[in-house]
Number of protein chains: 2
Amino acid sequence: MEQRTYHQYCATARTLDVVGERWTLLLVRELLTGPKRFGDLQRNLRGLGTGLLAARLKHLEQQGIVRKTVLPPPARTAAYVLTAAGDELVPVVLSLAQWGMRWAMADPRDDETFEPGWAVLGLKARFDRGAATGIQAVCEFRIGDEVFHARIHDCTIETNYGPAQQPDFVLTTDYRTFRDIAASRTTLTQAVATQQAAIEGDGTLLRQLSSLFPPVEPQPRLPRLPR
Amino acid sequence: MEQRTYHQYCATARTLDVVGERWTLLLVRELLTGPKRFGDLQRNLRGLGTGLLAARLKHLEQQGIVRKTVLPPPARTAAYVLTAAGDELVPVVLSLAQWGMRWAMADPRDDETFEPGWAVLGLKARFDRGAATGIQAVCEFRIGDEVFHARIHDCTIETNYGPAQQPDFVLTTDYRTFRDIAASRTTLTQAVATQQAAIEGDGTLLRQLSSLFPPVEPQPRLPRLPR
DNA sequence: CGGCATCCATTTTGATACTG
DNA sequence: CAGTATCAAAATGGATGCCG
């Protein structure tokens, strides 16, 4: 069962040989926010069958991008984590997200699923390093029944699943509002004004956040409709 | 013929819906160095048949990423170019190349093809913005019978197919040597010393170039061989 | 040559049933 | 819940032929 490759001595092609197959980069995306169990992965990836998921995980393990571990107590179940090589795929996923934010996030469709973690990644893709010099903040996002946090430290941002220890800022909102904020379909300020979102903590940070995550101007990519 | 999508309202997934199919990002890679004709594309993409190539090009055209044009005289033949939306895929291709440089460029295999344009892209992926502040230079690369040039302007680099107007620096070498330089398997200095490469022009630039394109330390990704 | 349709063998995938 | 086994549908690759 020879694995299919492009047979090119090219860094781009070699990378695609490893992570270019269908679902693979989305699996990496899921693992960016921390360890996940088999079932968690499948739940967030509608259409990916158990067989293919198992095959992909095995492949990523063999390729040194994912490692299978046992979650710490009290969970104690098996889970998958990114290795160092996997972590370095962050720029790949973020650059895909950046392009998508600009060119492909026209209105959500009814047949599409949505997970708040994806929107957190979207925020991360919007993060403006330049505007963040000297700023230090820990934000917690409570979205429906899911919680994420972001740690802004000088010019970097780090996002993870779960609550923060000592958040400077807490945003509480619902799936739909957070989705729209992340996609620049509305602004945080606007959502707070209309009481679709609530914030606690450092009020001055609210203004700063708008500049740290500048809204993306979506561009029309298809001048004429395909007939 | 329903187009297959992930059905996720996620910037990463939406982008992969557009450019995630097999061959698609490699087609974009080919077009990054300028307009290409149907045959040129196929020549550089062994294994991609004419039918699939035509289908991919049509898809990219419909998606507003590629535009079909007529080359200026004297060529006058049809060719494909990236649109603005296509140009903005540069970070995607470069991030893939960056990861590959670090984790996947172990020695070339006999069954792999190689094109100097890919190595130029590799150099671009190695380019260190930080080290380039204030530097301005035009370099021409003559690799076998192909010519490329790079325009370094403050903190940016731009690479294109074809000769430069007034190069500050010209590197002449063969496919294999250029491949090895780009992949950090040797250095430009070393190649010049052993006469595998020749340089003309500003000699001080040679030293600077080494810092503009810091060698990538390839990391072993697979601790143990798959049994 | 550029571009595309057509036929066919092989892979990949999606979806579901099934097992520990 | 984690994963295997199975099978039908779709995508791919390779060859060929056609037409301007």
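Below, read A as the first sequence line, B as the second, and so on, with proteins coming before strands; counting in each chain starts at 1.
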Check the distance between [N]'s [atom2] and [X]'s [atom1] and give it to me in whole angstrom.
{"X": "B/Gln42", "N": "C/dC1", "atom1": "CD", "atom2": "C1'", "value": "11 Å"}
{"X": "B/His7", "N": "C/dA15", "atom1": "NE2", "atom2": "P", "value": "9 Å"}
{"X": "B/Asp40", "N": "C/dG3", "atom1": "CG", "atom2": "C1'", "value": "14 Å"}
{"X": "B/Leu41", "N": "C/dC4", "atom1": "CG", "atom2": "P", "value": "12 Å"}
{"X": "A/Leu53", "N": "D/dA2", "atom1": "CG", "atom2": "P", "value": "10 Å"}
{"X": "B/Leu52", "N": "C/dT10", "atom1": "CG", "atom2": "P", "value": "19 Å"}
{"X": "A/Leu48", "N": "C/dT13", "atom1": "CG", "atom2": "C1'", "value": "10 Å"}
{"X": "A/His59", "N": "C/dT11", "atom1": "NE2", "atom2": "P", "value": "16 Å"}

Inset, instruction - Nearest 0.5 Å please: distance from the CG atom of B/Leu60 over to the OG1 atom of B/Thr83. - result: 9.0 Å
OP1 or OP2 of [N] less than 4.0 angstrom from a side-chain nitrogen or oxygen of [X], does that happen here?
{"X": "A/Trp23", "N": "C/dT12", "value": "no"}
{"X": "B/Arg56", "N": "D/dT12", "value": "yes"}
{"X": "A/Lys58", "N": "D/dT4", "value": "yes"}
{"X": "B/Tyr80", "N": "C/dG3", "value": "yes"}
{"X": "B/Lys68", "N": "C/dG2", "value": "no"}
{"X": "B/Arg22", "N": "D/dG13", "value": "yes"}
{"X": "B/Arg4", "N": "D/dA9", "value": "no"}

Inset, instruction - Determine, for B/Tyr9 and B/Arg14, whether the Lys NZ or Arg CZ falls below 6.0 Å from the six-membered ring centre while staying within 45 degrees of the axis. - result: no
Inset, instruction - Assign B/Gly39 to base, sugar-phosphate, or nothing according to its heavy-atom contacts below 4.0 angstrom with the strands shown. - result: sugar-phosphate
Inset, instruction - May I ask you to say what B/Ala55 touches in the nucleic acid, namely base, sugar-phosphate or nothing, with a heavy-atom cut-off under 4.0 Å? - result: nothing
Legend entry - N/O donor-acceptor pair under 3.5 Å between A/Gln98 side chain and A/Ala125 backbone: yes
Legend entry - Shortest side-chain distance from B/Phe38, nucleotide among D/dT12, D/dG3, C/dG3: C/dG3
Legend entry - Test ring pair (Phe, Tyr, Trp, His ring centres under 6.0 Å) applied to B/Tyr6 and A/Trp23, A/Trp118, A/Phe114, the passing residue: A/Trp23
Inset, instruction - Taking the six-membered ring for Trp and the full ring for Phe, Tyr or His, determine whether the centres of A/Phe141 and A/Phe148 are under 6.0 Å apart. - result: no
